Amino acid sequence: MSNSVRKVVIPAAGLGTRFLPATKAMPKEMLPVVDKPAIQYVVEEAVDAGLSDVLMIIGRNKNALANHFDRVTELELNLKRKGDHDHLEQVEEASDLADIHFLRQGDPLGLGHAVLRARRHIGNEPFAVMLGDDLIDARDPLLSKMIEEQGKRQATIIALMEVAPEAISLYGAAAVEPTEDPQVVRVTGLVEKPAVEDAPSNLAIIGRYVLRPEVFGILEHTKPGKGGEIQLTDALQELAADEEIAGGVYGVIFTGRRYDTGDRADYIKAIVQLAVDREDLGRELKPWLKDFVAGLAD
Ligand code: UTP
């Protein structure tokens with residue numbers, strides 16, 4: 001088994017029901033965040049962490065994703081003719097980022113099922129999983145720390161973030177113990193979307209994972225859980241419960257900037273936050289936003 005993490009799986013085959021009708025003909029991972037689709041931020045994050053073999057698990061509406069990372073000769077020629085080098089560079093950037101492979105999920109039976117589809121491509125080595133609706137600010141790197149911990153502990157690594165106690169039922173929640181590193185905890189149990197009163201903590205699983213190939217064997221027999229879907233969290237719970245299988249599960253606690261684009265209100269907040277920080281947009285947006293907020297009635 002190769003010990004270094006080289007490959008990343010990006011499941012993008014969900015139905016995106018919370019964003020209908022926008023996601024009727026387009027995967028939610030293609031929704032623009034300022035001027036790039038969410039998925040491009042995720043691929044850039046993978047590349048920044050040294051991962052350039054990307055497998056996207058796609059569902060219906062697959063063409064938009066594949067086209068985005070493909071060359072569009074007609075558009076490139078048009079921009080070249082106009083001398084629009086900035087946009088040309090941006091368009092070419094998406095297709096030159098990484099080696100991107102696509103695989104159909106078939107029926108969207110859940111995140112665990114989407115990850116299981118990657119088995120043959122991944123083979124017998126550790127790999128990352130990144131969810132396209134969780135954006136991690138490039139200024140607060142998380143994945144490289146997770147890959148480092150995977151190498152050190154030879155275990156499964158998940159990303160955890162403290163959320164308001166009443167919000168935990170939207171996430172997977174972790175029961176944890178401290179380790180010698182204040183940023184890393186040992187995970188002793190995981191529950192998918194618990195009721196607030198049943199949550200073991202307010203540490204939520206966010207969309208970055210570094211997994212060992214043993215997870216595939218577990219996913220093969222994982223029964224549908226919450227929402228009738230094959231849940232990755234349920235497979236990880238099995239790995240957390242028995243360290244003998246694959247060295248247990250550890251969590252890296254993330255305290256940086258994260259933007260949740262899977263929920264409509266959070267998606268709008270993400271766009272505003274990212275846009276005001278941009279040099280080309282912030283100057284115009286900030287004063288407008290201040291005026292707008294000042295004029296809001298309670
Ligand atoms: P979500 O539950 O957030 O995605 O899955 P969803 O099902 O598209 O969202 P809603 O609730 O209907 O709005 C988390 C991630 O797992 C992928 C999704 O694309 C998303 O990135 N996923 C989920 C799959 O690839 N396949 C599935 O069967 C389910």
Side-chain angles (χ1 to χ4, degrees), residues 7-33 37-46 54-66 68-69 100-119 121-122 127-136 143 158-161 163 167-173 190-194 204-209 211 215-216 219-220 222-236 258-268 270:
K7 298 177 182 173
V8 54
V9 178
I10 306 183
L15 292 176
T17 36
R18 283 168 293 171
F19 267 98
L20 283 169
T23 47
K24 193 174 163 200
M26 175 176 79
K28 73 171 169 190
E29 288 78 4
M30 280 302 292
L31 288 172
V33 179
I39 191 98
Q40 189 173 333
Y41 289 87
V42 177
V43 174
E44 286 170 358
E45 185 191 333
V54 178
L55 177 68
M56 281 184 198
I57 309 294
I58 51 178
R60 67 197 175 94
N61 306 327
K62 66 183 163 87
N63 291 343
L65 278 166
H68 181 71
F69 291 101
I100 303 182
H101 312 267
F102 298 92
L103 186 69
R104 296 297 293 256
Q105 185 181 0
D107 290 328
L109 301 179
L111 175 59
H113 179 256
V115 171
L116 180 57
R117 295 283 293 126
R119 186 177 207 164
H121 183 85
I122 298 296
F127 63 103
V129 172
M130 303 171 79
L131 303 191
D133 47 7
D134 253 339
L135 300 190
I136 301 293
L143 194 58
I158 61 175
L160 296 171
M161 191 167 185
V163 297
I168 195 70
S169 52
L170 300 171
Y171 296 88
L190 291 166
V191 204
E192 181 63 20
K193 299 191 173 76
I205 307 175
I206 57 171
R208 300 290 177 272
Y209 308 79
L211 305 177
V215 74
F216 295 125
L219 282 169
E220 227 160 33
T222 301
K223 300 260 172 335
K226 269 270 152 69
E229 295 192 343
I230 298 174
Q231 297 288 354
L232 180 60
T233 305
D234 293 344
L236 298 180
R258 164 185 177 255
Y259 312 97
D260 178 357
T261 59
D263 170 84
R264 285 172 304 172
D266 286 333
Y267 169 74
I268 295 164

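Quick caveat, the model's predicted, so the values are computed rather than measured. Numbers here are sequence positions counted from 1. Atoms within a ligand are numbered from 1 in the order they appear, just like the ligands themselves.
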Near ligand 1, which protein residues have a heavy atom under 4.0 Å away?
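For ligand 1, the residues that come within the 4.0 Å heavy-atom cutoff are Pro11, Ala12, Ala13, Gly14, Leu15, Gly16, Thr17, Arg18, Lys28, Glu29, Gln105, Pro108, Leu109, Gly110, Leu111, Ala114, Asp133.
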Are [X] and [Y] side-chain neighbours, meaning at least one heavy-atom pair lies under 4.5 Å?
{"X": "Leu103", "Y": "His121", "value": "no"}
{"X": "Met130", "Y": "Leu143", "value": "yes"}
{"X": "Pro224", "Y": "Leu109", "value": "no"}

Arg264, CZ: over 12 other non-hydrogen atoms inside 6.0 angstrom
no
In plain terms, say whether Asp263 and Arg18 are close enough for a salt bridge, that is, a side-chain N and a carboxylate O under 4.0 Å apart.
no
According to the interplanar angle, ranging from 0 to 90°, do the rings of Phe19 and Tyr267 count as parallel (below 30°), tilted (30 to 60°) or perpendicular (above 60°)?
perpendicular
